[in-house]
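Written out below as structure tokens is the structure these notes cover.
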Amino acid sequence: MKYTPNEIEAKWQQYWATNQTFKATNQSDKPKYYVLDMFPYPSGAGLHVGHPLGYIASDIVARYKRHQGFNVLHPQGYDSFGLPAEQYAIQTGQHPAITTETNIKRYRQQLDKIGFSFDWSREVRTSNPEYYKWTQWIFIQLFNSWYNNESDKAEDISTLVAIFEKEGNATVNAVCDDNIAVFTAEEWNGFSSEAQQQILLQYRLTYLAETEVNWCPALGTVLANDEIVNGVSERGGHPVVRKKMTQWSMRISAYAERLLEGLNRIDWTESLKESQRNWIGKSVGASVKFPILSFPKGEEKATPGYMTGGNNAHLLIEKAKENRNNPTEAEAILWNALRGKQVGYKFRQQHLISNFIVDFVCLSKGLVIEVDGGIHDQQQEKDAERTAILNELGYKVIRFKNEEVIGDLDGVLETIVNVLKTQPETPLSFGEGQGERKYIEVFTTRPDTIFGVTFMTLAPEHDLVAQITTDAQKAAVEAYIEATAKRSERERMADVKTISGVFTGAYAEHPFTKEPIPIWIGDYVLAGYGTGAVMAVPCGDERDYAFANFFKGTEGMPEIKNIFNQDISEEAFAAKEGFELVASDFLNGLGYKAGLQKAIEQLEAIGAGQAKVNYRLRDAVFSRQRYWGEPFPVYYVNGMPQMIADEYLPIRLPEVEKYLPTETGEPPLGNATVWAWDTTKNEVVSNDLIDNETVFPLELNTMPGWAGSSWYFNRYMDANNTEAFASQEALNYWREIDLYIGGSEHATGHLLYSRFWQKFLFDKGVVPVDEYAKKLINQGMILGNSAFVYRTEDGKLISKGLVGDQTVYPIHADLAVINDVTNELDIEAFKAHPLYTEYKDAEFILEDGKYIVGREVEKMSKSKYNVVNPDIICAEYGADTLRMYEMFLGPLEQAKPWNTAGMTGVSGFLKKLWRLYTNDEGFNITDAEPSKEMYKVLHQTIKKATEDIENFSFNTSVSQFMICVNELGKLKCNHRAILEPLAVLVSPYAPHIAEELWSGLGHEESISCVAYPKFEEKYLVESSKEYPVSFNGKMRFKLELPLDMSKEDIEKTVMEDERTQNQLQGRTPKKVIIVPGKIINIVG
RNA sequence: GCUCGAGUGGCGGAAUUGGUAGACGCGCUGGAUUCAAAAUCCAGUUCUUUCGGGAGUGUGGGUUCGAUUCCCACCUCGAGUACCA
């Protein structure tokens, strides 16, 4: 009876689907096992043979675990929101939902053909409203949460508000924005709702803020850091520029430490964990303050340029501080609108000018803004006098009433902006006040080298640069800043060798020695890391060393201070050990560890610094200016974001005319005409109805690709639940993924963000575990085997063997026009192929009458015409052969080249397996007792297959199956007692043939849950061993001896052997080493 | 540059508490079967050789009775990361 894979496979695939064989239940007495593949994006290109590699491995594990008696959850679904469908929609006008649906259908067909044991009843798609309802729900949970450093977890925002109401924010230890103004409980309670909302945004785990983002003009959207590779977009390779935009961000930085710590508790590949550690980038060190010593105009006074107070400054400054901490409602609102250069210029609040404290001032424009409460009505005269004095000092004064600020902030701001436009730039004055001293704050991992500080370097973008630069250096500094700004990120990255920088002319004061330290700017200091400033210690840091030497001898660059008892004439001494500190005052004689500790201690003692941990991990931008993504459940009232209540979710993606940004530059959702939120009807209504009273505009951005994939593994546990994202019972039963398989390209994207969300959901008590995947394996890539034809300089095509030394141009040949096994080119097919029309009439130079193509291993890709489609392999050899061959290629985690020719080996194996069970007439099984040899090979196979599957070493178990079948074939084995367990062993790898054989053995039920055969040592016990006999470690011959023979007898027997005498040629061995059961080694 | 991983026949790869290097498969060679081919089966296939052997797991050294496996130095390839203070 012939083995007909196509018939058998179609039959069993149908059977599994009809009987829902692989449907998992959420209640079971069996132990659970959850095995998951990383979420596929259903691309238009379909699957190539590389894609199912991980799916086959996970399917083998899933099927094996079912045999082992586990209740197995093995689901599949689609990460169906994403850029490619949208790009396609822009080009063709086709709705992305339609292309996505088509692509999913094709994916499903392809997956079904390979015979996976997925529980399709739990399929999820991120673009389904029933699914993204819960993505929106999680977003709302994040919005309604803050990170409490005291409890070290996320808490509901209400607990924060409770603290504000009772104590203000001074005592709150939260992960939040930098530079949050301090307020008291009274002030908080007095703030308007908008002011309160503005403040809360600075604490929420997802927040709306103006941030520097990676803007990709070609894609028309922002990208996350992990979506950029080498300065260009990961998808499409388009340039990316920095741009300031108001965006939703995720406060992932709150979880930096826990994300790092959690890595120690999960069994993920070391390289992947290392990537995450690098991405989080923890460094431990100290933050140190260096007072600025000198200021412009050649004056050496320690008086900062923005200090404009008069003679009473020392008294007034306290009052000003008090005022700052106790703003009126109107002041708070206006400050929130002015702070941080929101109107384009820097404003200061409650600032001393002469003997007045003004409410707000923009020093660079000489504009004072006063907000008057009721009290001012009675003192208009005094105000006029005050205004006159301020005018005399060169300030323009404008006044607003409290009601104006509270009621019409937009109008007030418009006035301010207009006045700013008309005011001339005024350089910072140099007043006589006693102001606080201004500091440069740096972060360093080497506080022990504090006495080696030779100069300081600020990032060119650093806020202080403009203020401290001396007149003499001003031109040079400005020119440098301009030049740096022009250089794109990419240039800056490509060119790391060029050293550049400029001296500012200013000096800072060393906190211990009080020596002046010159301040430089240089673009090797990154504005975005730490404080954007470094204390340069050339003797201990390569970059500082290079910088110091480059500017050696120029103004502002002193001799390098060496504080190590080591030579630094050639290079910096950057090691953290092997030195003693010298010329370092109280640190003398210490090494790194002790020095670090002592230095921090002393810095803290004099108030110049403290220990600090810094992370490279930045908050993640969560808005995308795209159509095909989850809409935010957010509408805006007076510019403040409001969440839509849970019961009205999902907010469905609206229909739009076109998928491009609007003419005014708004995201594609700006094209939607029905995209407003009616707060009385609680539904999405036409934009025409927006009145900003009960109907408000909805958010126009959508969520990024990683939103839906950051929690899908939890949804599979209870995928059809409409009441919750999964029931507590289901979550508590399945808990976490036992085995997660996928590509390593997700290391710092999906795999980091999803851990963040999981920890957040854990904090909120929604999920029972804070790490969602116990074990993770990265499958290696399957590489393509590209084919080439060679064009000579005179336009002929020459067969590979004849190329020789001549210059030829290789051209990718489509695998469709070659014989993949013999490498022979089908010349007629080649000529007829639309890609090669220009070679229609070309002359072919053949060898032995054939044109042989060259082969080269490259990434499998459409553009290289080396893609192998699994459908074709299944049709030709069968899915079982494909599954086994993919596993047989090599270790799962390694990259390996595809070679279709190798299929025949596995194909032959399955035919031989089939033949053990059948003869020409049909199944042919005997119930006779098998021989000892048959049992031995079966149990060897049980042992090896079990060990291998537990170690995810699938290639070696396929080898063992081959050995087993070859042996059983030789032994003419058709014994039920052997062939039944063998069918079960093979079933995870080649499930279709296993089912067919199982039914041929007379069973009614599917093989899928039959108990796995048990290994029994007794079948492997041997009475003798063929000992390898080595001389000086080299094996020379073999000798069969009983295993129970004593060492002495073995030695005697070996020495008497003729071959031993031959090897020794009369010499007496110095030593004979005998390891019973293993080896005999004769030395001498 | 740094971090991680890997270097074994013509090819994919196997073998590590240090104990017979090259399992298994592809390819190749020869043979059987066939009118012929495909398919199938059998034998051989690391290199070298004067057929006794000898050499051999990227290179050089070391530890050991014995090293693909452990240690040191170096070379090559791949992946990640990139002025992170």
Side-chain angles (χ1 to χ4, degrees), chain A residues 229-230 269-279 281-283 285 442-446 449 457 459 492-499 522-526 528-537 540-544 546-547 614-617 744-745 747-748 778 780-781 785 821-822 855 857 884-885 888-891 893-909 911-912 915 953 955-964 966 969 1026-1038 1062-1063 1069-1075 1077-1084:
Chain A
V229 176
N230 294 329
T269 57
E270 205 43 51
S271 65
L272 196 148
K273 292 205 260 189
E274 196 62 26
S275 288
Q276 294 211 347
R277 288 194 189 103
N278 288 340
W279 195 261
K282 179 181 185 177
S283 26
V442 302
F443 173 74
T444 175
T445 54
R446 295 294 303 273
T449 64
T457 316
R492 248 171 106 161
M493 286 202 307
D495 173 28
V496 295
K497 289 278 176 278
T498 312
I499 296 165
D523 71 359
Y524 80 98
V525 177
L526 305 176
Y529 184 76
T531 59
V534 301
M535 57 177 225
V537 182
D541 183 284
E542 288 301 338
R543 289 153 308 166
D544 296 341
F547 195 85
N614 213 29
Y615 297 93
R616 195 180 77 115
L617 184 70
S744 55
E745 67 273 19
T748 50
N778 290 128
M781 222 189 311
N785 206 342
V821 178
T822 60
R855 303 303 291 261
V857 172
M884 286 210 120
Y885 185 57
F888 184 64
L889 274 178
E893 303 187 41
Q894 247 172 54
K896 55 240 159 196
W898 178 263
N899 175 14
T900 305
M903 298 281 319
T904 54
V906 174
S907 170
F909 157 74
K911 285 179 193 162
K912 284 187 217 166
R915 226 171 294 126
S953 173
N955 54 328
T956 50
S957 44
V958 176
S959 297
Q960 181 59 39
F961 292 140
M962 289 174 169
I963 293 167
C964 177
N966 288 345
E1026 191 177 37
Y1027 278 93
V1029 182
S1030 303
F1031 292 81
N1032 298 320
K1034 296 261 174 228
M1035 203 278 290
R1036 294 308 176 201
F1037 63 89
K1038 290 174 189 169
N1062 213 345
Q1063 279 290 331
K1070 287 189 191 122
K1071 208 172 177 184
V1072 179
I1073 285 145
I1074 292 161
V1075 184
K1078 283 217 159 151
I1079 200 173
I1080 300 162
N1081 190 17
I1082 299 166
V1083 187

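Numbered from 1 within each chain, the chains take letters A, B, ... in sequence-line order. Everything quoted here is computed from the prediction, not taken from an experiment. Below, each value reflects all heavy atoms present in this structure, side chains not excepted, and no hydrogens, waters or symmetry copies.
Nucleotide B:G27 forms a pair with B:U45, judged by Watson-Crick or G-U wobble geometry with both contacts under 3.5 Å. The pairing partner recorded for B:U34 is none, the criterion being a Watson-Crick or G-U wobble arrangement whose two distances lie under 3.5 angstrom.
Rounded to a whole angstrom, the distance from the C1' atom of B:G58 to that of B:C77 is 10 Å. Using atom C1' as the reference point in both B:A6 and B:C83, the two lie 29 Å apart (nearest Å). Separation of the P atoms belonging to B:A79 and B:A43 is 43 Å when rounded to the nearest angstrom. Comparing B:A37 with B:U48, their P atoms are spaced 31 Å from each other, to the whole Å. Nucleotides B:G10 and B:U17, compared at atom P, are 28 Å apart to the nearest Å. Separating the P atom of B:G62 from that of B:G1 is a span of 29 Å, rounded to the nearest Å. Straight-line distance between the P atoms of B:C24 and B:A15: roughly 13 Å, to the nearest whole Å.
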- Note on the structure: Its contact letters, B for base, S for sugar-phosphate only and - for none at protein heavy atoms under 4.0 Å, make nucleotides 4-24 of chain B read S-------BSS----BBS-BB
- Each nucleotide of nucleotides 43-54 of chain B classed B (base within 4.0 Å of a protein heavy atom), S (only sugar-phosphate) or -, in 5' to 3' order, makes -----------S
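Remark: A:Arg277 engages A:Leu260, A:Leu263, A:Asn264, A:Glu270, A:Lys273, A:Glu274 in a side chain to side chain contact (heavy atoms under 4.5 Å, CB included) (not counting sequence neighbours). Legend: residues meeting ring pair (Phe, Tyr, Trp, His ring centres under 6.0 Å) with A:Phe961, ordered by chain and number and at least two apart, are A:Tyr989. For the salt bridge (Lys or Arg N to Asp or Glu O under 4.0 Å) test, no residue two or more places apart in sequence or in another chain qualifies with A:Arg616. Contacts of A:Asn1032 classified as side chain to side chain donor-acceptor pair (under 3.5 Å), with partners at least two apart in sequence or in another chain: none. Residues satisfying the side chain to side chain contact (heavy atoms under 4.5 Å, CB included) criterion with A:Ile1079, sequence neighbours excluded, are A:Pro1028, A:Ser1030, A:Val1075. With sequence neighbours excluded, the residues that form a side chain to side chain donor-acceptor pair (under 3.5 Å) with A:Thr956 are A:Asp948, A:Ser953. With sequence neighbours excluded, the residues that form a side chain to side chain donor-acceptor pair (under 3.5 Å) with A:Lys282 are A:Glu257. Not counting sequence neighbours, the partners of A:Ser283 by the side chain to side chain contact (heavy atoms under 4.5 Å, CB included) test are A:Phe443, A:Thr445, A:Tyr529, A:Asn614.
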Side-chain polar contacts of residues 897-908 of chain A - donor-acceptor pairs under 3.5 angstrom, sequence neighbours left out - could you list them?
residue: A:Trp898; atom: NE1; partner: A:Thr900; partner atom: OG1; Å: 2.8
residue: A:Asn899; atom: OD1; partner: A:Ala901; partner atom: N; Å: 3.2
residue: A:Thr900; atom: OG1; partner: A:Asp820; partner atom: OD2; Å: 2.7
residue: A:Thr904; atom: OG1; partner: A:Ala901; partner atom: O; Å: 3.3

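The shortest distance between the side-chain N/O atoms of A:Arg616 and the OP1/OP2 oxygens of B:A82 is below 4.0 Å.
One interatomic measurement links the two molecules: OH of A:Tyr524 to C1' of B:G1, which rounds to 17 Å at whole-angstrom precision. A:Asp544 places its CG atom 11 Å from the C1' atom of B:C83, with the value rounded to the nearest Å. A:Leu617 places its CG atom 14 Å from the P atom of B:U81, with the value rounded to the nearest Å.
Distance from the side chain of A:Val1083 is smallest for B:C65 among the nucleotides B:C41, B:C65, B:A85.
A:Thr904 comes within 4.0 angstrom of sugar-phosphate atoms only, judged by non-hydrogen atoms across all strands, and of no base. The residue A:Lys282 sits apart from the nucleic acid: no heavy atom pair falls under 4.0 Å. At a threshold of 4.0 angstrom between heavy atoms, the contacts of A:Val534 include nucleobase atoms, whether or not backbone atoms are also involved.
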Check the interface with nucleotides 58-63 of chain B: list each N/O to N/O pair with the protein under 3.5 Å, or write none.
none

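Not one N or O on the side chain of A:Glu1026 forms a donor-acceptor pair closer than 3.5 Å with the backbone of A:Lys1038.
A:Glu893 is listed as a side-chain neighbour of A:Thr269, based on a closest heavy-atom distance under 4.5 Å. Looking only at side-chain heavy atoms (C-beta outward), A:Phe1037 and A:Phe1031 come within less than 4.5 Å of each other.
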